[in-house]
Amino acid sequence: MQKIPALFIVNGDKYELLIDPHALLVEVLRDELGFHGVHESCGEGDCGACTVLVDGLAVLSCITLAASVRGKSIVTIEGLAKGADLNTLQRAFVTHHAVQCGYCTPGMILSAKHLIDENPHPTREGIKKGLAGNLCRCTGYNKIIEAVLAAAKGGE
Amino acid sequence: MEQTLRVVGKRLPNKENFDKVQGRADYCATITLPGMLVGKLLPSPHAHARVIRVDTSRSEQLSGVKAVISKKDDPRKVFTWNIMTFQLPEGELQDMYLFDDIVRYPGEPIAAVAAINEEIARQALALIEVEYEVLPAVFNIDDAVKSNASLVHETAQNNIVFPTSPIFCYGDVEKDFAESDVIVEGVFSTSKQSQAGLENAGSVAEYKNGRLTVWSQTQLPHLAKRMIAKALDIPEGMVRVIQPFAGTGFGAGTDLCTELFAGLLSMKTGAPVKILLTRNEDLRMRWTREHIVKIEMKLGVKKDGTPLALKAKYTGDGGAYAGKIVSGCAVSLASNITEYEFKSMYQEIEAFYTNHVACGAMRGFGGMQSSFPRETLVDEACEKINMDPIEFRKKYHRGVGGLGWFPGTEITSCGLDECLRVGAEKVGWKEKWQGWGSKKKGIRRRGVGLAAMGWLSGAQPMLLEHTNATLKFNCDGTCTLIVSPGNLGMGAIGSHCQIAAEVLGIDLEDIHAPFTQDTDITAFDIGTHASRGCFCIGRAVFKAAQQAREIFFNRAAKKLKVPVDRIDMKNKRFFLKDDPENSQKWFSFEEICQDAIYSFGHDCQQVVSHASVEPTEFAPPWQAGFAEVEVDTETGVVDVLKMIIVHDIGKAINPNFVEGQLEGGQLQGIGFALFEDMMINQENGTILTDSFNKHKIACMLDCPDHEALLVELGDPTGPFGAKSCGEAGIFLQAPAIANAIYDAVGVRLRDVPMTPERVLAALKNGL
């Protein structure tokens with residue numbers, strides 16, 4: 001199949017490449033551009049592990065055609081820290097032990113970022129609703145909720 | 001002791017999480033090697049068939065295909081994915097071949113391909129021609145035991161994996177039942193839950209310079225190494241297993257899955273090969289929770305509650321291969337022994353083959369199937385003798401010196417009374433529990449229930465639990481800790497670092513521990529299973545650290561030119577006990593470390609402290625679980641309003657890690673209790689629930705008000721008094737919720753998951 005030219009702005013940097021028209025966003029980010037923090041699990045939009053931000057919105061990269069987000073600004077987990085300085089959410093996830101196996105973590109943190117960007121002062125219930133699309137099998141969610149609450153307050 | 005701890009007991013971060021929150025942690029799913037090929041498996045469409053012919057020629061000719069393996073490539077070595085078989089002297093049954101003449105479940109791999117990309121690999125699968133002779137199949141035990149039933153394994157008459165056999169019995173149950181004032185009994189069923197970690201099953205293999213390196217999600221790297229060598233018929237020394245971060249576990253890593261196929265493909269192609277299953281493939285092919293389909297249990301007690309007799313029979317549906325079904329049943333009955341002082345016990349197990357995916361292990365192995373029937377029957381017995389269910393448990397649980405799971409074992413500590421006290425207070429038992437026979441009214445009715453259990457910290461002395469730890473010291477006063485727990489992110493390595501830092505008198509920052517496990521570097525270790533990581537490996541770490549401390553004390557004494565008993569160490573400084581403030585007479589820990597590496601007095605020594613341990617003690621963690629539920633009598637929906645578990649951890653090396661394990665277990669336990677089930681199509685043996693929208697696991701909205709509280713009374717055998725917490729979070733949701741449902745609506749549920757359909761049916765039948 002004929003490849004198509006595409007430009008993606010990932011974590012602020014421009015990448016120009018040729019992609020399959022049917023390539024999924026997760027495939028391009030992970031396999032073509034090497035952003036290994038984009039984790040795939042269900043492959044059909046059930047689990048949220050592959051969540052990235054596209055123009056600020058939390059998007060499931062496993063069911064998004066890469067071609068549909070050409071030219072848009074994409075943020076992956078690799079784009080949150082400023083150099084060695086972790087983002088508040090990342091620090092809060094470590095401090096509150098909101099991470100175990102860590103496979104859902106990148107998607108969870110990016111969904112949480114979207115949630116806090118939209119609503120800087122979420123309630124516990126608001127967090128539950130906002131992050132219900134991100135499955136975690138390890139933590140039982142309590143410590144994730146605590147981490148997001150703490151990060152929203154600007155602390156760890 | 002308590003006041004002097006500097007590192008142990010603190011909520012310090014798990015260092016590996018800095019990598020994980022930045023997306024910089026490598027998993028099998030993310031590992032990429034130069035020239036790596038994509039491996040894919042061709043699944044059998046049939047539940048049971050003879051493979052007459054596999055023609056791979058067209059597939060092999062496709063451009064971009066590097067290898068196709070099938071029956072003709074089978075090394076014909078019998079093995080099992082169940083790598084824990086090596087922990088028993090006689091082993092568990094090995095009944096698998098890589099590509100056998102018979103396929104025994106839908107989805108069983110018939111062939112595998114390696115190609116330059118995913119798309120070509122898929123095309124290559126489609127070009128493989130297979131001719132089958134379809135055989136009759138059995139999908140449940142009732143059919144499997146019929147006299148004319150098709151045999152899943154020709155050598156297993158009547159599809160028996162393990163014949164009905166009594167184990168660990170004592171006393172005379174029939175006599176004790178005759179003397180019982182109250183007898184309660186029931187027939188129960190439990191589900192084939194999927195571990196369902198978010199990283200799909202996968203592995204990478206690279207055959208290079210005559211050695212095979214396999215990146216695996218295994219929880220037991222050294223046992224995986226041995227089994228890979230056996231199955232692929234190569235010397236064990238030629239296999240190296242690396243466990244990067246694993247995005248799964250919960251028992252799934254105690255069995256192999258894709259490793260052997262990736263390994264053989266890499267040996268054929270000479271290139272690295274990755275096989276990563278899709279979620280659908282993972283749920284169809286990966287071994288599930290030990291599937292105990294039927295539990296018959298009977299308890300006899302005196303009017304005052306005195307427990308007299310317990311009789312039980314566990315029936316396991318192994319699926320296509322023996323896997324861990326026999327040990328699952330055996331652990332079920334063994335875990336009944338510890339809880340109460342029954343005068344006599346008679347328990348049997350039996351297990352059968354059927355034509356669906358086999359079962360391995362999941363968190364709460366066997367204990368799910370003992371705690372649910374036992375704790376609900378205890379509740380029934382308490383009602384019949386009109387006794388508060390908390391009182392029964394306080395009065396009749398076993399205590400220190402009592403019988404552990406296995407003959408000859410003794411309980412070393414018990415904090416259950418405290419767990420019950422704390423939990424009852426927290427849930428408001430006195431206010432909420434209105435006594436037996438309280439009639440609730442309305443469409444939505446509330447109830448409370450409780451359950452209790454005692455578990456283990458490693459499966460010694462029944463299973464080999466050989467474990468090792470090595471500390472290698474650097475010249476800057478830091479050290480590298482080398483352990484091999486099979487890292488699933490549970491915090492075991494973090495706990496080991498805290499133990500080492502505490503014993504050595506240095507800081508957590510001074511301990512470096514590779515998160516990746518590599519069998520070329522680590523000493524032998526059983527790995528992670530049976531809640532052993534902190535207790536067993538922690539003991540090896542404790543011992544290695546003590547030995548190292550002694551070495552450094554001796555070196556410091558030599559430098560200070562005094563006998564070793566005259567010096568002490570504090571704040572990372574060696575000093576004279578009788579002259580602690582003399583600044584001329586002290587050395588920092590760093591100076592002593594540096595002097596060992598760069599000794600210009602001809603006294604160089606690379607300090608490496610190694611400890612091998614084989615724990616034998618039975619240090620059970622105890623737990624009380626309390627549920628408050630609201631049952632909708634019109635829909636059968638059970639809402640969990642509150643779920644509290646109180647866990648006797650002995651000592652929490654890091655309370656964050658312990659709570660994390662317990663809270664994670666809670667939601668898996670609520671899933672087991674209410675909605676998780678692997679449904680098998682009874683027409684063709686396929687898994688119906690092969691995606692997250694069919695096999696539902698709890699999301700945040702399913703997350704009730706839940707809490708895990710810790711009781712820390714210590715254990716004489718654990719490192720700093722610690723016992724286990726890896727599995728314990730998951731046991732008590734099903735029985736406590738079932739007992740709370742009874743309190744709310746007066747019906748007893750015998751089957752998990754307790755779905756709305758089952759609750760409604762029970763309400764209609766007034767069970």
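Here is the naming used below: chain letters follow the sequence lines, and residue numbers restart at 1 for every chain.
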| query | Contact part of B:Gln217 toward chain A, heavy-atom cut-off under 4.5 Å: side chain, backbone, both or neither? | reply | neither
| note | Under 4.5 Å to a heavy atom of chain A? For B:Phe250 that would be side chain
| query | In terms of heavy-atom pairs under 4.5 Å, which option from A:Gly102, A:Ser41, A:Gly37 contacts chain B the most? | reply | A:Ser41
| message | Between A:Glu125 and chain B, with a heavy-atom cut-off of 4.5 Å, which part of the residue counts as in contact: side chain, backbone, both or neither? | response | neither
| remark: In terms of heavy-atom pairs under 4.5 Å with chain A, the winner among B:Arg279, B:Lys15, B:Met700 is B:Met700
| task | Please report the closest heavy-atom contact between B:Asn654 and B:Gln498, naming both atoms and the distance. | result | ND2-OE1, 2.8 Å
| field | Max heavy-atom pair count under 4.5 Å with chain A, selected residue of B:Leu701, B:Asn693, B:Leu667 | value | B:Asn693
| said: Only pairs of heavy atoms separated by less than 4.5 Å count here; which of B:Asp702, B:Ile31, B:Asn656 has the most with chain A? | reply: B:Asn656
| note | Applying a strict 4.5 Å limit to non-hydrogen atoms, the region of B:Ile697 in contact with chain A is both
| message | Using the rule given for side-chain contact (heavy atoms from CB on, under 4.5 Å), can you reason through B:Ile493 versus B:Gln517, listing the C-alpha separation, both sets of side-chain angles and the distance that settles it, and then say yes or no? | response | CA-CA 11 Å; B:Ile493 295 179; B:Gln517 318 279 301; 3.3 Å; yes
| With only heavy atoms counted, which part of B:Tyr27 is less than 4.5 Å from chain A, the side chain, the backbone, both or neither? | side chain
| remark: Looking only at heavy atoms, the pair that brings A:Thr51 and A:Ala58 closest together is CG2-CB, 3.8 Å
| Part of B:Glu118 lying under 4.5 Å from any heavy atom of chain A | neither
| message | Looking at every non-hydrogen atom in both residues, tell me the closest pair between A:Ile145 and A:Ile127 and how far apart they are. | response | O-CD1, 4.0 Å
| request: Under 4.5 Å heavy-atom distance to chain A, tell me which part of B:Gln666 shows up: side chain, backbone, both or neither. | output: neither
| query | Between B:Glu707, B:Glu659, B:Arg363, which has the largest tally of heavy atom pairs under 4.5 Å with chain A? | reply | B:Glu659
| Any side-chain heavy atom of A:Lys128 within less than 4.5 Å of one from A:Tyr141? | no
| task | Answer yes or no: is there a side-chain heavy-atom contact under 4.5 Å between A:Leu29 and A:Phe8? | result | no
| message | Under 4.5 Å from any heavy atom of chain B, what part of A:Leu86 do you find: side chain, backbone, both or neither? | response | side chain
| request: With a 4.5 angstrom heavy-atom cut-off, could you sort out which part of A:His36 is near chain B: side chain, backbone, both or neither? | output: both
| request: Please state whether the side chain, the backbone, both or neither of A:Ala132 comes within less than 4.5 Å of a heavy atom of chain B. | output: both
| request: Please answer whether the main-chain N or O of B:Arg289 pairs with a side-chain N or O of B:Gln193 as donor and acceptor at a distance below 3.5 Å. | output: no
| Considering all heavy atoms of both residues, which atom of B:Gly625 and which atom of B:Ala736 are nearest to each other, and what is their separation? | O-CB, 3.8 Å
| remark: The interface call for A:Ile144 against chain B, heavy-atom contacts under 4.5 Å, is side chain
| Can you check side-chain contact (heavy atoms from CB on, under 4.5 Å) on B:Ile645 and B:Phe731, steps first, answer last? | CA-CA 10 Å; B:Ile645 51 176; B:Phe731 292 106; over 6 Å; no
| query | Using non-hydrogen atoms only, which part of B:Ala196 is less than 4.5 Å away from chain A: side chain, backbone, both, or neither? | reply | both
| Which atoms of B:Asn280 approach chain A - backbone, side chain, both or neither, heavy atom under 4.5 Å | side chain
| query | Any salt bridge between B:Glu676 and A:Arg137, counting N to O under 4.0 Å? | reply | yes
| From CA spacing to verdict: side-chain contact (heavy atoms from CB on, under 4.5 Å), A:Arg91, A:Thr88 | CA-CA 5 Å; A:Arg91 283 202 307 275; A:Thr88 314; 4.0 Å; yes
| request: Report yes if some heavy atom in the side chain of A:Asn11 is under 4.5 Å from a heavy atom in the side chain of A:Val75; otherwise report no. | output: yes
| remark: Bottom line for A:Thr105: the part with an atom under 4.5 Å from chain B's heavy atoms is side chain
